[in-house]
Asks: 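Mind having a look at this structure? Questions to follow.
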Amino acid sequence: MIEARDLVKRYGDFVALDGVSFDCLTAECFGVIGHNGAGKTTLLKCLAGLVQPTSGSLVVDGIDVLADPVALKERLGYLSEESRLYETMTVPDYLGFFGELYGLSRETVVERQERLLGALGLDHGNKRCAELSKGMKRKVAIARSLIHDPSLLVYDEPTSGLDPMTSRYIADYLAELRGRGKTIVLSAHNLYQVEALCDHVLILSKGRCAAFGSMDELRSRFGPPTYRVHFSLPAGRSPDPSLAAVVDGAGFSVEAASIEEMNTLTAAVAAEGGRVERVESHSPSLEEMLVALGGNGALRTGP
Ligand code: ADP
């Protein structure tokens, strides 16, 4: 479990994190999102013990990370935004090197490396790291972060810049890791992936927590679902102007802000001799939430 309280990080006079607090439960996937410069990488580096917060407290599985960052290392797998590898090493040499750093036996390294490369679908062909594609490098970096079998994974943009297939493969693998009990904290610009993977999401804005919660909690905070009623009318008929319907494909559609409004609309459609073809509900996505928060992190509630 991660308990972050009132984390502040200043770079000189600049405040990159401004009093961030949250809890992340064991074996959950925790997403950190926000606009560029919001403080995501800084927060992840604090969690990984790579950046010392200016003030606040951070406890991971009972370890006070600020007082004892080294104690965290053996249970932490960190993936930085870029997969910087040792370019002249082959993949097995590279993973073997990190395995040794963690004090693993040669047999354990070989067994884990084969399992990880197999699970990640990485056919490295004994190439040197410099000769790998971007997606392959990312997979090697992920394998490196897992070689010592850590319980906490802190991943900065794990799928950024990858082709959709590789990105999907890695996202599926992260879901599998969470299923096996790993705690995963990740930042990502791919908000659909965050929605699909994460149990809780922290939205950072200018170093502050703009919103935090499960997807359901965030959705209810950012507004109730809306409904779009798709309907057809007898040939040649147009909807009553009071419905404010729009032409939609071969028929018409109209938006309802609540279930009650939807019921009123479907009754009005029936009264006009029309037929409701389908109703779609729409809840705010993370992307819409970020847009609603705007550049200054203030929740825009009006038009
Ligand atoms: P994000 O990951 O959300 O894009 P970062 O955590 O990388 O945001 O950066 C947050 C802010 O802190 C940015 O304005 C960035 O310029 C600043 N910052 C990050 N690292 C440093 C540093 N080492 N020195 C000075 N400013 C930094």
Side-chain angles (χ1 to χ4, degrees), residues 1-11 14-84 98 102 138 141-142 144-160 170-171 174 177-178 180-190 193-194 197-214:
M1 176 165 181
I2 302 171
E3 296 162 274
R5 295 290 175 271
D6 214 11
L7 286 179
V8 173
K9 175 62 191 174
R10 288 201 186 89
Y11 295 111
F14 182 79
V15 184
L17 290 180
D18 193 3
V20 174
S21 300
F22 61 88
D23 285 342
C24 165
L25 303 177
T26 299
E28 81 165 329
C29 187
F30 186 95
V32 181
I33 66 167
H35 299 291
N36 287 337
K40 303 180 295 296
T41 294
T42 301
L43 177 60
L44 264 53
K45 284 185 173 169
C46 289
L47 290 177
L50 298 169
V51 157
Q52 179 81 2
T54 310
S55 61
S57 77
L58 185 56
V59 176
V60 177
D61 291 343
I63 298 170
D64 182 341
V65 179
L66 276 60
D68 192 2
V70 177
L72 183 68
K73 297 284 186 243
E74 73 181 30
R75 64 181 69 198
L76 170 87
Y78 176 70
L79 183 74
S80 64
E81 206 170 348
E82 286 138 31
S83 316
R84 287 204 198 95
F98 278 89
Y102 283 107
R138 203 58 175 156
I142 289 174
R144 181 202 59 210
S145 75
L146 290 164
I147 197 79
H148 55 302
D149 198 23
S151 53
L152 169 63
L153 308 176
V154 176
Y155 281 8
D156 201 348
E157 293 284 353
T159 62
S160 168
I170 289 175
L174 294 185
L177 290 172
R178 183 194 50 179
R180 278 199 256 134
K182 307 276 187 205
T183 306
I184 305 174
V185 180
L186 63 89
S187 76
H189 280 300
N190 185 331
Q193 256 172 22
V194 173
L197 272 173
C198 295
D199 304 287
H200 285 92
V201 178
L202 171 69
I203 305 181
L204 277 181
S205 181
K206 299 203 164 174
R208 294 205 176 137
C209 173
F212 169 70
S214 65

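As the structure is a computational prediction, the values presented were derived from the model and not from experiment. Each residue takes its place number in the sequence, starting with 1.
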Asks: Is there a side-chain contact between Ile63 and Arg75 in this structure, where contact means two heavy atoms from C-beta onward sitting under 4.5 Å apart?
Replies: yes
Asks: Within the supplied structure, the quantity of interest is the number of heavy atoms (other residues, nucleotides, ligands) at a distance under 6.0 Å from Glu3 CD; does it exceed 12?
Replies: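 Yes, enclosed.
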Asks: Please name the pair of heavy atoms, one in Ser145 and one in Pro150, separated by the smallest distance, quoted to 0.1 Å.
Replies: O-CG, 3.3 Å
Asks: Would a distance-only check, ignoring hydrogens and angles, find a side-chain to backbone donor-acceptor pair under 3.5 Å from Ser214 to Asp199?
Replies: no
Asks: Heavy atoms only: give me the nearest Ala48-Leu76 pair and the separation to one decimal.
Replies: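 Shortest heavy-atom contact: O-CD2, 3.6 Å.
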Asks: Taking the inter-plane angle between the rings of Phe212 and His200 on a 0 to 90° scale, is it parallel (under 30°), tilted (30 to 60°) or perpendicular (over 60°)?
Replies: parallel
Asks: Using a 6.0 Å cut-off, check whether atom CZ of Arg5 has over 12 heavy atoms from anything other than its own residue.
Replies: yes
Asks: Passes side-chain contact (heavy atoms from CB on, under 4.5 Å), Ile2 versus Leu152? Steps please.
Replies: CA-CA 10 Å; Ile2 302 171; Leu152 169 63; 3.9 Å; yes
Asks: With sequence neighbours left out, what residues match Tyr11 under ring-ring contact (aromatic ring centres under 6.0 Å, His included)?
Replies: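 Here no residue qualifies.
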Asks: Of the non-hydrogen atoms in Leu25 and Glu28, which two are nearest, and what is the gap between them?
Replies: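 For Leu25 versus Glu28, the nearest heavy atoms are N-OE2, 2.8 Å.
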Asks: Looking at side-chain heavy atoms only, is the closest gap between Leu72 and Leu47 below 4.5 Å?
Replies: no
Asks: Using only atom types and a distance under 3.5 Å, with no angle test, would you say the side chain of Thr54 pairs donor to acceptor with the backbone of Arg10?
Replies: yes
Asks: Among Tyr155, Tyr78, Phe30, find the one that has a side chain to side chain contact (heavy atoms under 4.5 Å, CB included) with Val185.
Replies: Phe30
Asks: Taking atom types as modelled and ignoring hydrogens, do the side chains of Ser21 and Asp6 form a donor-acceptor contact shorter than 3.5 angstrom?
Replies: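 Note: Ser21 and Asp6 side chains miss the donor-acceptor criterion.
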Asks: Any side-chain heavy-atom pair from Arg178 and Leu153 closer than 4.5 angstrom?
Replies: no
Asks: Rounded to the nearest 0.5 Å, what's the gap from OG on Ser187 to CD1 on Ile33? Could you check?
Replies: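 Reported value, rounded in 0.5 Å steps: 10.5 Å.
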Asks: Evaluate the side-chain proximity of Thr183 to Asp61: yes if any heavy-atom separation is below 4.5 Å, no if none is.
Replies: no
Asks: Side chains of Val20 and Leu202, heavy atoms from C-beta outward: is any pair under 4.5 Å?
Replies: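 The answer is yes, as the side chains (C-beta and beyond) meet within the 4.5 Å cut-off.
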Asks: If I take atom CD1 from residue Ile170 and atom CG from residue Asn190, how far apart are they, to the nearest 0.5 angstrom?
Replies: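 Between Ile170 CD1 and Asn190 CG, I get 11.5 Å after rounding to 0.5 Å.
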Asks: For Arg84, I'd like to know if atom CZ has over 12 heavy atoms of other residues, nucleotides or ligands within 6.0 Å.
Replies: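 Atom CZ in Arg84 is not packed in, count stays at 12 or less.
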Asks: Any side-chain to backbone donor/acceptor pair from Glu157 onto His189? Under 3.5 Å, distance only.
Replies: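 Here the side-chain-to-backbone pair exists.
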Asks: Below 4.0 angstrom, N of the basic side chain to O of the carboxylate: do Asp68 and Lys73 qualify?
Replies: no
Asks: Is there any salt bridge (Lys or Arg N to Asp or Glu O under 4.0 Å) pair reaching into residues 144-153, and which pairs are they, with sequence neighbours excluded?
Replies: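 Residue pairs with at least one partner in residues 144-153: Asp149-Lys182.
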Asks: For the residue pair Asp64 and Ser57, establish whether any side-chain heavy-atom pair is separated by less than 4.5 Å.
Replies: no
Asks: Of all the heavy-atom pairs spanning Ala141 and Leu79, show the shortest one and how long it is.
Replies: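 Distance-wise, the nearest heavy atoms are CB-CD1, 3.5 Å.
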Asks: Any donor-acceptor pair under 3.5 Å linking the side chain of Arg138 with the backbone of Pro158?
Replies: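 Such a contact is found between Arg138 side chain and Pro158 backbone.
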Asks: Just wondering, do Val51 and Thr41 contact through their side chains at under 4.5 Å, heavy atoms?
Replies: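 Not touching, per the 4.5 Å side-chain cut-off.
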Asks: Spell out, as yes or no, whether a donor-acceptor pair under 3.5 Å connects the side chain of Lys40 to the backbone of Gly34.
Replies: yes
Asks: Determine the minimum heavy-atom distance between Gln52 and Lys9, stating which atoms define it.
Replies: O-NZ, 3.1 Å
Asks: Can you measure from SG (Cys198) to CG (Leu174) and round to the nearest 0.5 angstrom?
Replies: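 With rounding to 0.5 Å, SG (Cys198) is 9.0 Å from CG (Leu174).
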Asks: Using a 4.5 Å cut-off on heavy atoms from C-beta on, say whether the side chain of Asp156 contacts that of Ser80.
Replies: no
Asks: Of all heavy-atom pairs between Cys46 and Leu17, which one has the smallest distance, and what is that distance?
Replies: SG-CD1, 4.0 Å
